[in-house]
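Read through the structure below, which is laid out as structure tokens, and then see the notes.
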Amino acid sequence: MEDMQKMFQYIAGREDTLIMIWSRTEGWNTASHKCRVLKDADYTHLTLFDLEHWAHKDDQSTFRIFLSQLQDAIDGKPTSITGNEEKISVPVRLLSAEDTWVYHNINCWLERENESIVRMFVMTEPLDTQEIHRIHIAETFTSDRNPALVQKQAMEIIHAHPEMKFAVVQFDVAKFKMILADYGEKTASDMLNFFVATLKVLCNNYQVYSRLSADVFMIITPYTDEQSLYDLIELLDKHLLGYKGIQYRIVYGICYIGDLSRGLRQYGDAAAMARQSIKNNSLQKVAFFQNDLKKNISADKFIEDNMKKALENREFVMYLQPKCNIPDGKVIGAEALVRWIMPGHGIVPPNDFVPVFEKNGFIIKMDQYIWEEACKLIRKWMDAGITPLPISINVSRRHLSNTSFVDVLEQLVTKYEIPREFLEIEITETVGESGIAESMTRLKECGYTLLMDDFGSGYSSLNTLKDTQFDVIKIDRSFLNDFVSSGRGKKIVEHTIGMAKDIGLGMVAEGVENKEQAEFLQNCGCTTAQGFYYARPMPAEEFNEKYIVNS
Ligand code: C2E
Ligand code: MG
Ligand code: MG
């Protein structure tokens with residue numbers, strides 16, 4: 001190997017260079033014992049991995065990531081070291097025999113057979129002042145101080161490689177402010193510096209990274225297909241998450257780079273929009289920008305990859321929120337609300353996954369699962385000789401286009417031998433939904449109580465009350481919050497309640513959070529409420545203990 005010869009020539013007689021060899025058959029071997037590079041090092045046993053002890057503390061994380069990349073490459077795991085790369089380098093300050101910090105490049109040559117690494121040659125090489133200067137520039141370059149330079153460098157790479165496709169990946173730490181609040185400024189900023197150090201090592205020669213603001217980073221990267229971008233994200237997650245055991249998520253927005261006549265910036269902005277579109281959803285970590293933001297297709301992949309297994313593993317859990325009688329605060333029923341208890345992720349609220357399930361149809365299976373959980377609980381109460389409280393279940397609109405879901409419900413009540421009065425049905429009314437009338441008629445024929453969910457939000461209107469088949473309206477919390485405070489709003493709530501009463505509809509006010517709201521509702525004639533003022537949704541066991549067993 002010509003390179004190797006050059007390397008040995010270079011090293012001959014030098015005292016400031018260290019060389020180490022690793023081979024799959026023999027492991028580590030230090031080749032040069034004479035070099036006095038490191039203070040007090042035992043060269044006969046030194047390996048690349050020991051070098052960390054001689055690295056400057058500010059360079060240690062960079063170095064450690066470099067090592068873990070090499071280890072992964074040795075183990076055949078995916079790394080950012082591309083399949084054919086021959087040499088990788090990282091600049092690190094090492095403690096010299098003279099007790100000073102000297103910038104070295106740690107160069108590692110990789111020899112492969114059939115794509116797996118069989119030998120590595122590592123050589124440290126002191127850098128000259130010009131190179132050190134370059135490192136400092138690069139450091140500035142990768143901070144927020146010099147976005148123009150980053151763009152310029154990226155443009156150069158893109159123009160030099162017309163055969164490659166490129167994308168902008170922008171990411172930030174979700175709820176970074178909470179990390180700041182919980183761990184303080186020093187730790188938060190150390191964490192972001194660790195990000196920079198990590199990116200420095202992870203990014204290969206075709207990738208340009210930069211820090212745009214405190215916790216926002218960007219990588220301009222080549223890609224082959226969508227999967228290759230997901231692979232990059234996996235790699236980033238693997239190395240960036242869990243700094244000092246802190247729990248956080250990273251959210252990614254991606255935009256493919258196309259026509260460059262108007263520069264790169266528009267693609268960065270688009271990636272930012274994609275990222276922001278999923279910021280508040282704890283389950284979505286990747287969004288791709290596609291032309292028009294409205295068509296921004298959020299990456300539901302994570303949810304879709306996990307949902308079936310979650311159902312099998314019983315990760316969906318029924319929570320119950322009491323419905324209370326306002327005058328005496330007595331619990332008179334409950335609503336079943338799903339939670340996804342995801343291992344390693346905590347409790348995920350339905351707004352983060354129900355919309356995805358509604359899109360991909362999985363909601364049908366998940367709903368049925370929760371309905372069955374509700375039926376089981378009612379059965380359990382009956383078996384214990386307790387008169388059950390009615391539980392209302394949510395029926396997604398996805399079910400309503402045909403009546404087969406009614407058969408599912410019927411099978412459940414038959415299987416668990418439950419009087420239908422204990423299972424109530426919540427449906428969000430939407431104008432002009434086809435098939436809904438037929439479904440409702442069937443439900444009524446079977447004898448279920450129907451609740452119109454979220455009344456006052458979206459499409460449901462006073463008009464729908466006129467010839468409705470619903471028995472009860474659930475007054476939406478937005479209705480309550482926004483209106484109750486103003487005089488006019490109060491009148492609307494008042495009259496809605498009056499009118500519902502007139503036509504014989506039952507009512508539940510949702511989202512009651514304080515005493516004033518409860519009193520106001522009671523004065524208007526609405527006596528049932530559900531909301532944090534009374535209780536938050538809770539696991540069924542807790543509900544049992546609080547309201548059933550000890551009542
Ligand atoms: P929803 O059916 O209107 O349920 C009421 C939501 O309001 C619940 O949110 C509940 O936790 C919340 N809430 C109750 N009281 C208060 C309050 O005082 N203040 C505030 N700010 N919020 C309150 P949750 O559990 O996050 O559910 C959100 C929505 O997800 C539900 O709205 C429902 O549309 C859907 N969902 C929940 N579970 C299921 C399910 O099993 N199947 C289907 N298809 N949808 C479900
Ligand atoms: Mg509901
Ligand atoms: Mg509601």
Side-chain angles (χ1 to χ4, degrees), residues 280-283 307 310-311 314-324 326 331 333-341 346-377 390-401 405 408-409 412 423-430 439 449-460 470 472-482 484 507-518 520-521 528-540 542-543:
N280 295 322
N281 188 323
S282 68
L283 285 183
M307 63 193 188
L311 194 64
R314 307 181 62 85
E315 288 171 23
F316 297 109
V317 174
M318 176 181 72
Y319 271 45
L320 291 175
Q321 186 178 30
K323 293 179 191 168
C324 297
I326 298 177
V331 176
E335 175 174 7
L337 295 159
V338 67
R339 297 288 180 269
W340 187 346
I341 317 276
I347 302 179
V348 184
N351 288 337
D352 287 359
F353 57 87
V354 162
V356 182
F357 290 178
E358 283 183 332
K359 249 192 284 169
N360 67 24
F362 192 69
I363 193 72
I364 308 264
K365 285 219 166 75
M366 193 216 72
D367 269 355
Q368 289 173 0
Y369 179 83
I370 295 296
W371 301 345
E372 181 150 11
E373 291 295 292
C375 291
K376 277 186 198 163
L377 183 62
I391 297 180
S392 64
I393 50 164
N394 287 285
V395 174
S396 159
R397 271 166 299 189
R398 254 321 259 259
H399 298 277
L400 301 176
S401 51
F405 80 95
V408 175
L409 278 175
L412 285 174
L423 197 66
E424 301 184 337
I425 317 283
E426 294 196 13
I427 298 173
T428 310
E429 166 77 325
T430 322
S439 298
T449 302
L450 304 187
L451 287 77
M452 187 196 290
D453 208 347
D454 303 340
F455 178 81
S457 77
Y459 292 111
S460 57
F470 284 102
V472 177
I473 56 170
K474 293 193 78 179
I475 302 173
D476 192 64
R477 66 166 182 274
S478 63
F479 201 116
L480 203 70
N481 288 343
D482 296 348
V484 156
M507 271 167 289
V508 181
E510 272 191 302
V512 176
E513 291 182 350
N514 55 52
K515 197 166 166 221
E516 293 69 50
Q517 288 174 334
F520 169 73
L521 288 162
T528 311
Q530 179 183 340
F532 297 168
Y533 175 57
Y534 297 97
R536 287 180 181 259
M538 62 191 85
E542 192 181 329
F543 185 91

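No experiment lies behind these values; they were computed from the predicted model shown. Indexing begins at 1, ligand by ligand and atom by atom, following the structure's order.
For the ligand labelled ligand 1, residue Glu335 lies inside the 4.0 Å heavy-atom shell.
Taking every heavy atom of Ser396 and a limit of under 4.0 angstrom, the matching atoms of ligand 1 come to 44 (N). Each of the following atoms of ligand 1 lies closer than 4.0 Å to a heavy atom of Asp454: 3 (O).
Remark: of the listed residues Arg477, Glu335, Glu510, Glu335 is the sole one forming a side-chain hydrogen bond (donor to acceptor under 3.5 Å, both in side chains) with Gln530. When the options Tyr369, Phe353, Tyr319 are evaluated for a ring pair (Phe, Tyr, Trp, His ring centres under 6.0 Å) with Trp340, the one that passes is Phe353.
The aromatic rings of Phe357 and Phe362 sit perpendicular, their planes meeting at an angle over 60°, well past the 30° parallel limit.
Under a 3.5 Å cut-off, the side chain of Asp367 and the backbone N or O of Ser396 do form a donor-acceptor pair. Put simply, the side chain of Trp371 never gets that close to the backbone of Met366: no donor and acceptor are under 3.5 Å apart. Under a 3.5 Å cut-off, the side chain of Arg339 and the backbone N or O of Met538 do not form any donor-acceptor pair.
Under the 4.5 Å side-chain criterion, counting only non-hydrogen atoms from C-beta, Met318 is not in contact with Lys376. No side-chain heavy atom of Leu377 sits under 4.5 Å from any side-chain heavy atom of Glu373.
With a 4.0 Å cut-off on non-hydrogen atoms, Thr428 does not touch ligand 1 at all. With a 4.0 Å cut-off on non-hydrogen atoms, Val512 touches ligand 1 through its backbone and not its side chain. Of the heavy atoms in Pro537, only side-chain atoms (C-beta onward) come closer than 4.0 Å to ligand 1. At a 4.0 Å heavy-atom cut-off, ligand 1 touches Glu510 through the side chain alone. If you look at Val338 next to ligand 1, the close heavy atoms, those under 4.0 Å, come from the backbone and the side chain alike. With a 4.0 Å cut-off on non-hydrogen atoms, Met318 does not touch ligand 1 at all. Within the 4.0 Å heavy-atom criterion, neither part of Asp476 lies near ligand 1. The side chain of Gln321, and not its backbone, has at least one atom closer than 4.0 Å to an atom of ligand 1 (non-hydrogen atoms only; side chain from C-beta on).
Nearest heavy-atom pair across Tyr533 and Lys515 is OH-CG, 3.4 Å. Minimum heavy-atom separation, Val331 to Pro322: CG1-CB, 3.8 Å. Ala518 approaches Ile326 most closely through the heavy-atom pair O-CG2, 3.6 Å. Closest of all the heavy-atom pairs between Val395 and Phe405 is CG1-CE1, 3.9 Å. In terms of heavy-atom proximity, Ile364 sits nearest to Arg398 at CD1-O, 4.0 Å. Between Gln321 and Ala535, the closest heavy-atom pair is NE2-O, 3.0 Å.
Taking the N/O/S atoms of Asp454 in turn, the shortest distance to the Mg ion (ligand 3) belongs to OD1. If you look at Asp453 and ask which of its N, O or S atoms sits nearest the Mg ion (ligand 3), the answer is OD1. Sorting the N, O or S atoms of Glu426 by how far they are from the Mg ion (ligand 2) puts OE1 first.
The protein atom (non-hydrogen) at minimum distance from atom 31 (C) of ligand 1 is Leu337 CD2, 4.2 Å. Of the protein's non-hydrogen atoms, Glu513 OE2, 2.4 Å is the one closest to atom 19 (N) of ligand 1. Of the protein's non-hydrogen atoms, Asn351 OD1, 3.5 Å is the one closest to atom 28 (C) of ligand 1. Given atom 36 (N) of ligand 1, the protein heavy atom at minimum distance is Pro350 CB, 4.1 Å. In this structure, atom 7 (O) of ligand 1 lies nearest to the protein heavy atom Arg477 NH1, 2.9 Å. For atom 46 (C) of ligand 1, the closest heavy atom belonging to the protein is Asn394 CB, 4.0 Å.
Looking at Phe532 next to ligand 1, an N or O pair under 3.5 Å apart turns up. Backbone and side-chain nitrogen or oxygen atoms of Arg339 are examined, and one is located within less than 3.5 angstrom of a nitrogen or oxygen of ligand 1.
Electrostatic pairing of Glu542 and Arg536 does not count as a salt bridge here, judged by no charged N lying under 4.0 Å from a carboxylate O.
Inside a 4.0 Å radius of atom 34 (O) of ligand 1 there is not any protein heavy atom.
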Between Ser392 and Lys474, does a side chain to side chain donor-acceptor pair (under 3.5 Å) hold up when you go through it step by step?
-> CA-CA 11 Å; Ser392 64; Lys474 293 193 78 179; 4.9 Å; no
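Here the shortest heavy-atom distance to atom 2 (O) of ligand 1, taken over Asn514, Asp453, Ile364, belongs to Asp453. Of all the listed residues (Ile393, Asp367, Ile370), Asp367 holds the heavy atom that lies closest to atom 40 (C) of ligand 1.
At a cut-off of 2.8 Å, Asn394 coordinates the Mg ion (ligand 2) through an N, O or S atom. Contact annotation: Glu335 places an N, O or S atom under 2.8 Å from the Mg ion (ligand 2).
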